[in-house]
Amino acid sequence: MEPLRIVFSGSGGQGVITSSIILAEAAVLHEDLNAIQSQSYGPEARGGATRADVIISDTEISFPRVLQPDVLICLTQTAFTKYRSILRPGGVLVTDSHYVKTHQRLDARCYELPMYDRVMERIGNPVVFNICMLGALIGLANTVRPESVENVLAYRVPQDYLPMNQEALKIGLELGGNCSPAYNSGSPLKK
Amino acid sequence: MEPLRIVFSGSGGQGVITSSIILAEAAVLHEDLNAIQSQSYGPEARGGATRADVIISDTEISFPRVLQPDVLICLTQTAFTKYRSILRPGGVLVTDSHYVKTHQRLDARCYELPMYDRVMERIGNPVVFNICMLGALIGLANTVRPESVENVLAYRVPQDYLPMNQEALKIGLELGGNCSPAYNSGSPLKK
Amino acid sequence: MLEEKRFVQGNEACVEGALYAGLDFFAGYPITPSTEIAEHLSYRLPQRAGKFIQMEDEIASMSAIIGASLTGAKVMTATSGPGFSLMQEALGYAVMAEIPCVLVNVQRGGPSTGLPTHASQGDVMQARWGTHGDHSIIVLTASNVQDVFRVTVEAFNLSETYRTPVVLLFDEVVGHTRERLFLPKPGEIPLVERLKTNVPPDVNYHPYLPREDGRLPMSDFGGVHRYNVTGLYHDMWGFPSEDPQTVHDLLRHLVDKIEEYTDNICMYKEYYLDDAECVLISYGSPARSARYLVESRRLHGEALGLLELQTLWPFPAHVVREKCRNASYVIVVEMNMGQVLKSVKEAVDRPERVFLANRIDGVFITYKDIGNTLRVVQGKGV
Amino acid sequence: MLEEKRFVQGNEACVEGALYAGLDFFAGYPITPSTEIAEHLSYRLPQRAGKFIQMEDEIASMSAIIGASLTGAKVMTATSGPGFSLMQEALGYAVMAEIPCVLVNVQRGGPSTGLPTHASQGDVMQARWGTHGDHSIIVLTASNVQDVFRVTVEAFNLSETYRTPVVLLFDEVVGHTRERLFLPKPGEIPLVERLKTNVPPDVNYHPYLPREDGRLPMSDFGGVHRYNVTGLYHDMWGFPSEDPQTVHDLLRHLVDKIEEYTDNICMYKEYYLDDAECVLISYGSPARSARYLVESRRLHGEALGLLELQTLWPFPAHVVREKCRNASYVIVVEMNMGQVLKSVKEAVDRPERVFLANRIDGVFITYKDIGNTLRVVQGKGV
Amino acid sequence: MPISDYLRERFLPHIWCPGCGHGTVLNCLVHAVEKMGLSKNDIVMVSGIGCSSRISGYVDFHTLHTMHGRATAVATGVKMSRPELTVIVPMGDGDALAIGGNHFIHAARRNIDMTALVMNNRIYGMTGGQHSPLSGYGANATTAPYRNVESAFQIVDLAIAAGATFVARTTTYHVRQLTEVLVQAIEHKGFSMVEIWTQCPTHFGRKNKIGGAVSMLDYYRNSTAPVGSKALEENPDLVGRGIFRDEDRPEYCSEYETVIQRAQKGQ
Amino acid sequence: MPISDYLRERFLPHIWCPGCGHGTVLNCLVHAVEKMGLSKNDIVMVSGIGCSSRISGYVDFHTLHTMHGRATAVATGVKMSRPELTVIVPMGDGDALAIGGNHFIHAARRNIDMTALVMNNRIYGMTGGQHSPLSGYGANATTAPYRNVESAFQIVDLAIAAGATFVARTTTYHVRQLTEVLVQAIEHKGFSMVEIWTQCPTHFGRKNKIGGAVSMLDYYRNSTAPVGSKALEENPDLVGRGIFRDEDRPEYCSEYETVIQRAQKGQ
Amino acid sequence: MADKRHKHSINRDWCKGCGICIAFCPRNVLILDEEEKAVAVRKEACVGCRLCELRCPDLAIEIQTEEEP
Amino acid sequence: MADKRHKHSINRDWCKGCGICIAFCPRNVLILDEEEKAVAVRKEACVGCRLCELRCPDLAIEIQTEEEP
Ligand SMILES: Cc1ncc(C[n+]2csc(CCOP(=O)(O)OP(=O)(O)O)c2C)c(N)n1
Ligand SMILES: Cc1ncc(C[n+]2csc(CCOP(=O)(O)OP(=O)(O)O)c2C)c(N)n1
Ligand code: SF4
Ligand code: SF4
Ligand code: SF4
Ligand code: SF4
């Protein structure tokens, strides 16, 4: 497997960092993959746009950061404006249609998914928005198996929140699984 | 003038350090001489034997310490035992007959002067013992003029103590001036 | 499965390494980017009846671990730049009184408050010279989560072996990056326990009389031997002394007991050095960028190699000289203005062939940055 | 007569030098062997409406002079080993915020409490590297009372010129020895006053925008320009910034503003160097023993010479290289384990010809000690 | 002058989290200064390190953002060097009383003329929620995962015992009282200390299940009562708000003037 | 055991000046320990730096002569690591309250079980007579040549405000009371503090024209009175001797045991 | 009171939507809009106590009070 | 009381002649000799209060009390 480089971006409260950790942990602990995760810290992480990098690979990972992501996820307009340019040509862009308007076209497969809206209408609680996004990602790109993420959720999420999270993951998987890019000027990712 | 190297030694309370400073200051401020003074510090200075080094010269003084004094002054037995050995062969040893018993002979001109006793009988206050010793030294060796020391005393000593100090200096000068060594196995110093 | 595999930050790996090594007592004060070490230990230590305390500041933290160590505990504190500066006086005390302890400094951008959340390696020289007076000290570092665990265990072993403070000098990237950690089984990595005196209760025990090999068997406070410990120069009883011979011998002992064992203390890794024309020398997270560069260039047949230092002090000069002997140029890769560069230049035969690839703007140095320097060094410009 | 001639200790000469330079504010905490500086200033400063305060510790002392300096005052603190270690964090703040101030460290035996009343020069490397993070700093020293006065005045001039803390690194012998001091008339030694901005009240003043020559005109707190000062990396307004370019430029500025002016900062004295086969390099009180040896050997026609350094940092490498070019051997004379020796070896063309004459037992090094080393170096044994 | 004239709008919005009480302190402080009609050139603000200490960046005074815990010591240098300036020293509870405790009690002992604001959120905000000497017994924090077993300082008592001559306490809910007390504290000649309860919803609120900013302010309202009020007497669980000490004692800088006089006569 | 068994006679006579009160404190301390019949192996003495702190060299306990001002912090590490040991922490007034003030108040706040002895000679003895935070207004010192303008800490009040649970004061004249109070302070579970007035004839006595050791002891006798005594009530110039606070509050190390229990249940 | 009008100028760039002004407004003048910014919807009810102005942690509210003509 | 005898053993190497024991002895038992060391000259007057033992800053005095035969 080629190393898969993902950048999650959004705003402080949206739980992007948590979802990046869950994904990488799923890969390392529940599949025989290697993964590395890092994130932005400090004041700029507080206001502005938070960013988390994840690399998943079946070999050792020396360089820990993502310079050109294969997959870029933007959950706010600020994040989109700040990071769009780093996406690898022909890579995958995932945005939330509620928060982000992607005006001009990019050289990429762009998915504008109604993740936030779907979560609000089907669950009504924004805290699991990030898990829905994770589901969508898994649906789109071959990262890890859904079960692996469910495993992580099982011990990371407080019992009473678990169903809500599993539901959100499912919604995401649907969104990601059976969706076609808003437009596609990029090269296919799934091999 | 050859640099004159003097070591004052005694116990904490005796004012050896003060007298060493007065001598050096007299040389520097009231005669056109150069002088340097240093002393022992710290715990060992507290108990045990205090030591002060003075070098008087009419040229620049680079090395600040005295390794082999031309003149060694010992005001306690401890000081005598500790420092006797460093006296330059043929140098001058000045001891106080009340405090120090110099048993075996040294290769030096040795003066055992009744400074303490004389001060007690003529003045009755031990605080000026060190000034008397200074007088004796000036009487013996050509260091500085008595007036120079008097000058220093004039601004260093509180008014009401001044007469007492001048008296002590006089006593010392007498003792030092018209005395002959207890024994003399050393070379003459006065030139 | 969770038993031996973990997905953790470097700071947590440091915690696991310390616990593996037998950490009993931790005192610290929060500071970015080292805080996670204190946070995890406040949770993990009491689980095994160990003690965690958050002190009023870093001076108190360093002081507290000194006290605890003398009772026989394995101790550690963790901090970053400003806190490390504040610990310098007490660090010197631990050197003088020969108290085993481990200090972690997860470096951030300095000087002063600097760049609290950014990557830097600006404290290398301070770790060696930060406290007043001549002395020697052991400083280790690592570039990934697994190695952080490993050198942390080693830090405790060395501090017990040589009765000296050992500094773990990590950086923000290593401390905060999450990756896979395999937890070795108990016993898998040998642990050095404190060397205790076998002098019987009523016989005179000389706490500061070194053995032939420079080691000093200890007796715990609270035990059968009562003695004095001081930061003043002291005799074999631990009682203050100003005797010149005693002073001379003690200072020589403090330095020689470490410098003479540089070989035993020296840890490093190497990649493709055998035939390397260009040797990269790096440590900490920048070594990852260097390694990435070396491996990708090797694919195109360029003879690059990497020497990754894990022991920074005492500086392994002989190893560096050896590995660089046949190199036509050497590039030191670090995130400061060339602090290890100095030592490398001192060590090698042809200092004029040594160059620096660095960043000082708080941004993690990439393989591209190193590649750019390499191009310049090769005379190809940017 | 008392007017221009004095008989004083080195510590008092430092006080007189500071007052001559225009000292307004001193904050300190007593510690042997620097205490006389505080004691004399507590007496002398208020006589001229200057301010003296004894703070609760050295950290507070260093902090207080930073605050006072920003109001436009010329400031100083004085300490020794342990206190100097405690000041390292605040020293770094003064470096980062570019605050003119003078720190005196009258060295004593270290590490730790060490030998409070004895001679040592063990803090040379600490003075350069004691605080965390990359930085540069100016460190001066002197060997006699007259020079102590002189370099103290110079310390204030340099701290104002380069807007940086300047460290005066004296030793116990120089600090405590009494000798003759000629007080120069006012104006005899030129004084550098603080460079003030001429930006008018209602125009934007950029406190941290360096001029071409790297200098930063200041505006006093309480004056017409209100701005921010911080120990974080900051922009031209003094407001915290994490922008990589801003960070890079600031750190380069902090280092270059000093390193690039090494020639202007470099002070030294030389004796008989023109034809010297053996060059002694020394500083502080040991330079007096070295000079005594040189002069007495010259009487017997031995071609010894002495280079006495007064600027220790930035290290005057070019001067050292020059002066040692024709020497068949070089002997560094210092009271530590060879801290300046390192820099000398880096500087000269043939490091293998550089030797060390030192003492580390708290006893003042004599011309005899140096003579013994010389004999060994000459292959004549002891 | 309009409030905005006391702010450095260039640097706003500030870095504090939504609902952080520190912003309210900033707000009331500028209102207080505006009320007093002080000239901005005569005010020096010296802060330490922490979220609270970032306050100095936003006010248009002479501002000095120093080191963690050292604000009062630096401020002592400023004040002693230029006694005519008004010195305000905002600090977090950790800044003032953990690492900075010693400088705090010594400034109080000297009764040097400055106003210390202890912005007490009972937690280390900047570093992400570790316990502080004010968290109190039973509190949760990232370094007290099994609940804190250290009892808290009584800041008011400590300041009084150390020698502070004006000592008060209030909260970010009681904004009128806060503004009023700030005016009096700044006007007081000598060392004045105001303990201000200020919410950290992000860390203290969340970890201790008090909820967000709004419910934390509710808590401030319900758990305090004015000094001397009947409510306070009757209900031991309530904490007093108001002024606990306001007395005259020779101020350090004025005292130092007498030193200068003696010294100059001495000549 | 004879008193001499508690001393390291090898290192005596001690370095203190003739008539220094510190020797009397040492004397009463060993008498107190002898009275209590404690085993020497169970006692750890942690001191800082100063003449006073040299006391640790002369007692035959586990002794730790640390850094200036850090004794209580180091002692905290010792005690927390081995709670069963008896920890005694002698400090000078400068050591405890100038540079060491912060560690002092925090140890008191935690109520960690140790006995702090503040050997108050109102001066820095070791460094030669500079003023300390206890010198008090008007005192002479080498760094207060025009008389000190700083007022002194009230150690007793400060210790109480900070949280100490046993607080007492006495002098080296009142050796029976001193010995008795030391016994109680050491027996107390929690942070106990004894302020001991101890004469420094060499510096404080000389500079302040009080005369030698004997007249300084006379002064101690005449200027103090037992707490609760009529004399004390009637004469405001007298200073109280005796116990000012003796109460029970959860001790830090015992509290930490509950943390360990919670943590281990947690698994 | 009714003879005064109060203008709420709310700086939307500074407002972080903490809800404090809303929760403690004695007359429920303010609400959060869908962008989570405070807006004064019941201006007429405002009594000009300025508590929202003083409490706002982001200094985002200013109340201008003008006399009725 | 008179039926007890009290022996003063005074360590002359430790005594620094500060005079405290002498000044505060209720029965003026002690004096300083010409070497400035304390000696008990009026042993018989000693009531064995041991105050000199406890006050001595140099721990130089020990009082042994034995019953009269
Ligand atoms: C010497 C030093 N130690 C530690 C830190 C890390 N640090 C920064 S702010 C802070 C405490 C913040 O808490 P507080 O003072 O209560 O202010 P708040 O952030 O809660 O407003 C700490 C420990 C530092 N910057 N410097
Ligand atoms: C960090 C540090 N600062 C200063 C000193 C110097 N110093 C040693 S003891 C002392 C104070 C002594 O006074 P005190 O604590 O009251 O004890 P005393 O000597 O009077 O018994 C000082 C300032 C030091 N050793 N370490
Ligand atoms: S972390 Fe807490 S204190 Fe800091 S800004 Fe956020 S709410 Fe305020
Ligand atoms: S200087 Fe003072 S405190 Fe120190 S030993 Fe002498 S009398 Fe005692
Ligand atoms: S209080 Fe201020 S920040 Fe909060 S919602 Fe109202 S206007 Fe916005
Ligand atoms: S009290 Fe002790 S030291 Fe003083 S004179 Fe008496 S025996 Fe000697």
Side-chain angles (χ1 to χ4, degrees), chain C residues 9 11-12 15 26-64 76-87 90 106 108-117 172 175-176, chain E residues 15 47-51 53-54 56-57 64-71 73-74 91-105 122-136 139-153 158 200 203-204 207:
Chain C
Q9 288 188 318
N11 284 343
E12 193 171 354
V15 164
F26 177 96
Y29 190 77
I31 183 166
T32 309
S34 74
T35 306
E36 294 83 3
I37 294 175
E39 290 175 335
H40 285 295
L41 280 168
S42 69
Y43 177 76
R44 301 278 279 114
L45 265 174
Q47 292 176 339
R48 48 171 69 188
K51 310 288 174 78
F52 167 92
I53 185 170
Q54 182 178 308
M55 294 296 284
E56 51 272 22
D57 64 16
E58 291 85 353
I59 296 173
S61 304
M62 187 63 207
S63 301
M76 177 167 97
T77 187
T79 188
S80 301
F84 194 56
S85 288
L86 288 173
M87 289 182 178
V106 184
R108 60 191 228 176
S112 194
T113 319
L115 272 180
T117 57
E172 191 272 339
H176 279 160
Chain E
I15 65 159
S47 66
I49 295 290
C51 295
S53 294
R54 283 304 195 94
S56 52
L64 190 41
H65 180 237
T66 68
M67 295 155 282
H68 189 38
R70 314 305 170 192
V74 175
M91 297 170 281
D93 46 311
D95 202 36
L97 288 148
I99 192 169
N102 205 31
H103 311 305
F104 180 82
I105 58 178
R122 303 181 55 189
I123 199 98
Y124 290 171
M126 180 64 98
T127 43
Q130 301 76 30
H131 70 81
S132 95
L134 274 300
S135 296
N140 285 308
T142 61
T143 47
Y146 305 106
R147 293 202 308 283
N148 188 18
V149 292
E150 300 186 3
S151 38
F153 274 132
L158 190 66
C200 171
H203 296 299
F204 193 85
K207 288 201 186 50

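Quantities reported herein were computed from a predicted structural model and do not represent experimental measurements. Proteins come first, then strands; the chains are lettered A, B, ... in the order of their sequence lines, and each starts at number 1.
Two rings, from Y124(E) and Y29(C), have their centers less than 6.0 Å apart.
Once rounded to the nearest 0.5 Å, the distance linking CD of Q54(C) with OG of S132(E) reads 8.5 Å. Distance check: T143(E) OG1 to I53(C) CD1 gives 11.0 Å after rounding to the nearest 0.5 Å. S42(C) OG to H131(E) NE2: the interatomic distance, rounded to the nearest 0.5 Å, is 8.0 Å.
Proximity to chain E is absent for every atom of E36(C), based on heavy atoms less than 4.5 angstrom apart. Contacts of L41(C) with chain E are absent, with no heavy-atom separation under 4.5 Å from either backbone or side chain. In this structure, the portion of H68(E) lying under 4.5 Å from any heavy atom of chain C is its side chain and not its backbone. Of the atoms belonging to P116(C), not a single heavy atom falls under 4.5 Å from chain E.
Using a 4.5 Å heavy-atom threshold, the side chains of T142(E) and Y43(C) count as separate. By the 4.5 Å heavy-atom criterion applied to side chains, T66(E) and T113(C) are not counted as neighbours. For the pair Q130(E) and T35(C), the minimum side-chain heavy-atom distance is below 4.5 Å.
Residues satisfying the salt bridge (charged side-chain N to carboxylate O under 4.0 Å, His left out) criterion with E150(E), sequence neighbours excluded, are R109(F), R110(F).
Of the options E56(C), E58(C), M55(C), a side-chain contact (heavy atoms from CB on, under 4.5 Å) to I99(E) is made by E58(C) and by none of the others.
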